[in-house]
Amino acid sequence: MVVNIIKHAEGDSANKLRKLRPDYFKWPDGLDFGRDKLEFYKSSLLEETLNLSNNDFEEYYNTLIAFWDELPERMFNNE
């Protein structure tokens, strides 16, 4: 969902992620513009609109590596 939001901004992935992790979209303490950062900027490429931590990236990396490590070798073709 995060990758889709980075590529496309608003959409189904943004709506789903808002429900799962609303903290990703919140303004820093003390700021409130009546809508979250992604809704305000309408883009994720020009402004920092998602609050992702180093821990989030580490988790993503570890999950991605685990996924690829579990794929059977026969899925790859040398042709």
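Predicted model only: the values in this text are computed from it and were never measured. Along the sequence shown, residues are numbered consecutively beginning with 1.
Residue Asn54 places its CG atom among 12 or fewer non-hydrogen atoms of other residues, nucleotides or ligands, all under 6.0 Å distant. Shown here is Phe33, whose CZ atom has more than 12 heavy atoms of other residues, nucleotides or ligands within 6.0 Å.
The closest side-chain heavy-atom distance from Asn51 to Phe25 is not below 4.5 Å. Under the 4.5 Å side-chain criterion, counting only non-hydrogen atoms from C-beta, Leu52 is in contact with Tyr24. Between Arg21 and Asp56, the closest side-chain pair of non-hydrogen atoms falls below 4.5 Å. Contact check for Tyr60 versus Thr63: no side-chain heavy atoms found under the 4.5 Å cut-off. Residues Glu10 and Asn15 have side chains in contact (heavy-atom distance under 4.5 Å, counting atoms from C-beta outward). Within the 4.5 Å cutoff, the side chain of Asn4 has heavy atoms near those of the Lys7 side chain.
For the atom pair Met1 CE and Leu20 CG, the distance stands at 5.0 Å (nearest 0.5 Å). Within the model, atoms CG of Leu17 and CG of Asp23 stand 8.5 Å from one another, a figure rounded to the nearest 0.5 Å. Interatomic distance, CZ of Arg35 versus NZ of Lys42, reported as 5.5 Å (0.5 Å rounding).
Annotation for Ala9 and Ser43: closest pair CB-CA, 4.0 Å, computed over non-hydrogen atoms.
One hydrophobic cluster, built from ILVMFWY side chains closer than 4.5 Å, cannot hold both Leu46 and Ile5; they sit in different ones. Note on Val3: it does not cluster hydrophobically with Leu50, by side-chain heavy-atom contacts below 4.5 Å among ILVMFWY residues. Hydrophobic clustering of Ile, Leu, Val, Met, Phe, Trp and Tyr side chains at less than 4.5 Å, counting indirect connections, keeps Val2 apart from Phe67. A single hydrophobic cluster is not seen to contain both Tyr61 and Trp68; linkage of ILVMFWY side chains at heavy-atom distances under 4.5 Å, directly or through other members, places them apart.
Note on ring orientation: taking the six-membered ring where Trp is involved, the planes of Tyr41 and Trp27 are tilted (angle from 30° to 60°).
The backbone N or O of Ile6 sits less than 3.5 Å from a side-chain atom of Ser44, completing a donor-acceptor pair.
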